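Scroll down for the structure; my scribbles are underneath it.
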Amino acid sequence: MAEAMGAAPVATFAEWMGDVQARVERALEHSLPASSHPPQRLHLAIRYAVLGGGKRVRPMLTFAAGEAADAPAERLGAVACAVEMIHAYSLVHDDLPCMDDDVLRRGKPTVHVEFDEATALLVGDALQSAAFEVLTARPLADDAAAHVAMVNTLATASGSRGMAGGQAIDLDAVGRSLTLPELENMHIHKTGALIRASVLLGARCGHLPPPGYERLDRYAKCVGLAFQVVDDVLDAQESTATLGKTAGKDAAQNKPTYVSLLGLDRARDLAEQLRRDAHEAIVGFDERARRLHELADFIVLRKF
Ligand code: GRG
């Protein structure tokens, strides 16, 4: 993408990513109750679950979509915190013994191991509420109806017709074989719904001409699915040390994945196809979609 003569040099993707991650870390740090605030142990566990770890892919998608829609950074910061809080809650609950039963997350002991199961349950509950607190603490759209619609988008994406529903399908699928469309349906809900909301809410903080939202929606669906295909490939390929979470769990638990259904090579090909589809969806956007384009690359080419 050409840079205008005389214009300030455009940040590299790595610089942009570092900037968004630092911004989001500060905003999360500021939004979450201090660990000195009672009940101290719960607040300590919440901060343990959220701060100082994770790639912050969903917040980056929010900022990238927001930049494509000329959205103010303060609005994007609030949305980014909200989606990351929902994501962090889902990881804490997913790691519980009654779900995926894992002991390592983001390179450190999972919340129920470091604290206890009841605390981990409350961390997830409180984070879900905190997400809606931050999403409703200040106006994020030009009118109240548009803001209410944004709250509705996050609630739907997180609930039984979105992420929580996908988790239910996932739990039900352990030890069973799924067809490719069934697997896709599971991931559209479990992983894709929140990724899609992260993109759409970022765009809703600003303005796009009418076909823009539909194209972004298509982009979001492609990167959401690509994210999961790559997650399956990495689980099969990379080490626990690289991933910061237990590797090889899908096969050990006999879970249907893109790798178990397609094999490694075809799963990688599918991720590549989805990357091309994501790029294709935002053809026609101008330079402002640069970060969306780069994020699709990051999601597919990442090694962790
Ligand atoms: C418990 C309601 C409920 C839902 C859980 C998303 C989810 C549903 C569970 C997470 C389990 C999992 C490993 C899913 C695969 C894709 C995924 C969400 C990976 C983790 O996301 P990353 O890689 O994690 O963005 P970081 O740590 O970088 O934020």
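Counting starts at 1 for both ligands and their atoms, following the listed order. Because the structure is a prediction, the values reported are computed rather than measured.
For a threshold of 3.5 Å applied to N or O pairs, the pair formed by K55 and ligand 1 contains at least one separation below that value. Ligand 1 has no nitrogen or oxygen under 3.5 angstrom from a nitrogen or oxygen of Q167.
Under the 4.0 Å criterion applied to side-chain N and carboxylate O atoms, K249 and D235 are not assigned as salt-bridge partners. A salt bridge links D116 and R41; the closest N-O separation between the charged side-chain nitrogens and carboxylate oxygens is under 4.0 Å. A salt bridge between R290 and D286 is absent, with no side-chain N of the basic residue lying under 4.0 Å from a carboxylate O of the acidic one.
Using a 4.0 angstrom heavy-atom cutoff, D231 counts as in contact with ligand 1. Within the structure, the closest approach of F304 to ligand 1 does not fall below 4.0 Å when heavy atoms are considered. Using 4.0 Å as the threshold, R56 has no heavy atom nearer than that to any atom of ligand 1.
No side-chain heavy atom of T191 sits under 4.5 Å from any side-chain heavy atom of M186. Side chains of D277 and E272 form no contact here, defined as non-hydrogen atoms less than 4.5 Å apart.
Nearest non-hydrogen protein atom to atom 17 (C) of ligand 1 is F227 CE2, 3.8 Å. Scanning the protein heavy atoms around atom 13 (C) of ligand 1, the nearest turns out to be K245 NZ, 3.8 Å. Annotation: atom 18 (C) of ligand 1 to nearest protein heavy atom, R58 NH2, 3.6 Å.
Atoms of ligand 1 found under 4.0 Å from any heavy atom of Y89, numbered from 1 in the order shown, are 2 (C). For ligand 1, the atoms sitting less than 4.0 Å from at least one non-hydrogen atom of G54 are 26 (P), 27 (O), 28 (O), 29 (O), numbered in the order shown with element in parentheses. Atom numbering of ligand 1 starts at 1 in the shown order; those under 4.0 Å from a heavy atom of H93 are 1 (C). The ligand atoms of ligand 1 that sit less than 4.0 angstrom from a heavy atom of S90 are 1 (C), 4 (C), 5 (C), 6 (C), 7 (C).
Scanning both residues, S31 and V134, for their nearest heavy atoms gives OG-CG2, 4.0 Å.
Using a 4.0 Å cut-off between heavy atoms, Q228 contacts ligand 1 through its side chain alone, with no backbone atom that close. Residue-level proximity to ligand 1 for L91 is carried by the side chain, the only part with a heavy atom below 4.0 angstrom.
Relative to atom 21 (O) of ligand 1, the option among H87, M99, R106 with the closest non-hydrogen atom is H87. Checking D94, D250, L171, L96 against atom 11 (C) of ligand 1, the nearest heavy atom belongs to D94.
Listed for the Y89 side chain is no donor-acceptor partner under 3.5 Å among the backbone atoms of A126. Checking side-chain atoms of T110 against main-chain N and O of R105 turns up no donor-acceptor pair under 3.5 Å.
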Q: Test ring pair (Phe, Tyr, Trp, His ring centres under 6.0 Å) on Y258 and H187 and set out the steps.
A: CA-CA 10 Å; Y258 284 98; H187 290 310; 5.7 Å; yes

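Q228 and D232 share a donor-acceptor pair across their side chains, judged by distance under 3.5 Å alone.
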